[in-house]
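Worksheet for the structure shown next.
As the structure lists them, so they are numbered: ligands from 1, and atoms in each ligand from 1. Side chains included, hydrogens not; waters and symmetry mates left out as well; all remaining heavy atoms used.
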Amino acid sequence: MKTAKAPLHVVRAKDSILFTDDGKQYIDAIASWWVNIHGHCNETIASAIAEQAKTLEHVIFAGFTHTPAIELSKKLIGILPNNFAKVFFSDDGSTSVEVALKMAIQYWHNQGHANKTKIIAFENAYHGDTFGSMSVAERNLFNAAFDPFLFDVNRIPLPNEKNIDHLKHQIAEWGDEGSTAAFIFEPLVQGAAGMLMYEPGYLDELIAVANEKNIICIADEVMTGFGRTGRHFAINYLQQQPDIICLSKGITGGFMPLGVTVCTQKIFNAFYADDITKTFFHGHSYTANPLACAAANASMELLVTEKCRQQIQTINESHQQFAASLQNNKLVKEVRQRGSILAIEIETAEATSYFNSIQTSLYEFYLTQNIFLRPLGNVVYIMPPYCITKNELDKVYTAILDSLNYLQQNI
Ligand SMILES: Cc1ncc(COP(=O)(O)O)c(C=O)c1O
């Protein structure tokens, strides 16, 4: 925007800290758009990439494979619930979703159900910026210009105690009509929507109906994956399991772009044939880039350590305490928390929205406190690298409390 300030010029980063060219430093309290789980310039990941760069930087991933990709596939299958069997590589979160949607639609097409193409998605969903992922996302200002090109979706609200029976009935009805291919959801936390949260039990009930009615379930864990919600994956809170999971962001610890779409053997089998028309024709030049895979392997080795488990647990407990302290604050409309994600919805004269004008003043206020927080409208959230120290977290909490005081005085 013409009125936007010049971007901050970051010259280096270490752990939770970003250093800018004017000699300032900022605590990266949102893990650089939710990707950086083990801290900036983590030595283990950096060394793994450097070593890999000296061995094999890239090779076409059609007719060829390589050790980092094989190792990563095994690690992913090993850590995911045991219904998952096959890994498809791409480059980022949006493409991991795009791949999942194409996989689900072609799964039915390959089996003679070319009319099974409808997708069910949640209201307020965000799944990325490519055309398929925009289509299944909420229609809003982000994608208004492309509306004529986005495909229709059957949309349902997030489940709760009141609407769960109705939603189950609705999904069953769409299932019986026979044209629904898949149900896509961000499990437990809708990130870009403002960290909206819902309970696993309700999602279990929806997945159960979808399974019964032959609707493929796609969990978009691009944001929630790799420890964010307190378990390795948000689907670890579920009894039912989806057929496809989309992963990106934290997968490489924030070092390299990488997306993966992991599916069950059942999905894979619909493509495994000698008939070329059954082929899943989707590939990118940098598919399964060895440097990205090496980063992901190193990041996953860190993720499964006791140290990392402790770090996530400490953030979780610390967030819980801070959340409790906000309960009676008049400016706080709602506090939501799951694992290392803490969201504070601030009461303002305007409605809750990504475009709430309070966003800019809050963002700038936090920068003056040497904290990098990027509110989603009037929702301030913390999603730090797991290595953030208690002292740094306290500084972030203090800045948020100060911002509430500042608002109280200036509203
Ligand atoms: C749930 C979810 N899915 C998909 C995406 C898109 O990922 P990317 O920005 O890597 O394309 C995002 C990004 O924020 C996301 O939160």
Side-chain angles (χ1 to χ4, degrees), residues 28-37 88-104 119-143 146 150 153 155 158 182-198 203 217-229 232-235 237 242 244-262 282 284 286-289 292 295-296 299 336 338-341 343 354 373-377 379 381-384:
D28 183 355
I30 64 155
S32 278
W33 244 336
W34 325 339
V35 300
N36 190 289
I37 55 175
F88 190 95
F89 291 89
S90 63
D91 305 327
D92 53 53
S94 303
T95 40
S96 74
V97 169
E98 208 71 29
V99 165
L101 295 171
K102 287 176 69 177
M103 243 182 213
I119 311 287
I120 303 172
F122 279 133
E123 288 170 4
N124 296 310
Y126 177 76
H127 294 287
D129 289 342
T130 51
F131 276 85
S133 60
M134 281 195 292
S135 295
V136 291
E138 178 74 49
R139 301 301 154 85
N140 53 26
L141 274 177
F142 290 172
N143 49 41
F146 313 105
L150 305 182
V153 171
R155 214 167 286 285
L158 286 185
F183 167 35
I184 185 165
F185 48 85
E186 293 157 270
L188 310 195
V189 189
Q190 288 187 310
M195 304 298 153
L196 299 181
M197 301 188 187
Y198 62 105
L203 184 56
C217 290
I218 304 171
D220 175 355
E221 290 231 33
V222 167
M223 187 277 277
T224 49
F226 303 102
R228 264 301 158 212
T229 61
H232 287 325
F233 300 98
I235 57 168
Y237 288 91
I244 299 178
I245 182 168
C246 309
L247 300 167
S248 186
K249 289 200 184 273
I251 191 169
T252 64
F255 274 68
M256 300 285 295
L258 179 69
V260 297
T261 308
V262 189
H282 190 115
H284 296 282
Y286 283 95
T287 291
N289 172 259
S299 180
R336 301 183 279 272
R338 172 79 72 180
S340 62
I341 308 169
Y354 184 86
L373 279 169
R374 200 169 184 276
L376 294 154
V379 178
Y381 70 92
I382 312 175
M383 205 191 287

Practice task
Please identify which atoms of ligand 1 are closer than 4.0 Å to at least one heavy atom of His127.
Solution key: 3 (N), 4 (C), 5 (C)
Exercise for the section: Output yes when the distance from some N or O of ligand 1 to some N or O of Ser94 is under 3.5 Å, and no in every other case. Expected result: yes
Exercise for the section: Just say parallel, tilted or perpendicular for the rings of Phe183 and Phe185, cut-offs at 30° and 60°. Expected result: tilted
Problem - Under 4.0 Å to a heavy atom of Lys249 - the qualifying atoms of ligand 1, by number - result: 12 (C), 13 (C), 14 (O)
Exercise for the section: For ligand 1, find out whether one of its N or O atoms is nearer than 3.5 Å to an N or O atom of Val222. Expected result: no
Handout entry: Taking atom 2 (C) of ligand 1 as the reference point, the nearest protein heavy atom with its distance
Key = Asp220 OD2, 3.4 Å
Fill in the blank from the handout: For atom 12 (C) of ligand 1, the closest protein heavy atom turns out to be Tyr126 CE2, 3.6 Å
Exercise for the section: Work out which heavy atom in Gly93 is nearest to a heavy atom in Ser248; give both atom names and the distance. Expected result: N-OG, 3.2 Å
Practice task
Would you check if the side chain of Ser96 reaches a backbone N or O of Thr261 as a donor-acceptor pair within less than 3.5 Å?
Solution key: no
Fill in the blank from the handout: If we number the atoms of ligand 1 from 1 as shown, the ones under 4.0 Å from a heavy atom of Met223 are 16 (O)
Handout entry: Nearest-contact summary for atom 7 (O) of ligand 1 - protein heavy atom, Å
Key = Gly93 CA, 3.2 Å
Practice task
Count the heavy atoms belonging to other residues, nucleotides or ligands that lie under 6.0 Å from OH of Tyr286, then report whether that count exceeds 12.
Solution key: no
Exercise for the section: Determine whether the side chains of Glu98 and Thr95 contain a donor N or O and an acceptor N or O closer than 3.5 Å. Expected result: no
Problem - Asp28 and Ser32 side chains, donor-acceptor separation under 3.5 Å - result: yes
Fill in the blank from the handout: Nearest heavy-atom approach of Ala31 to Arg228 is CB-NH2, 3.5 Å
Exercise for the section: Heavy-atom distances under 4.0 Å are what count here, so tell me which part of Trp34 touches ligand 1: side chain, backbone, both or neither. Expected result: side chain
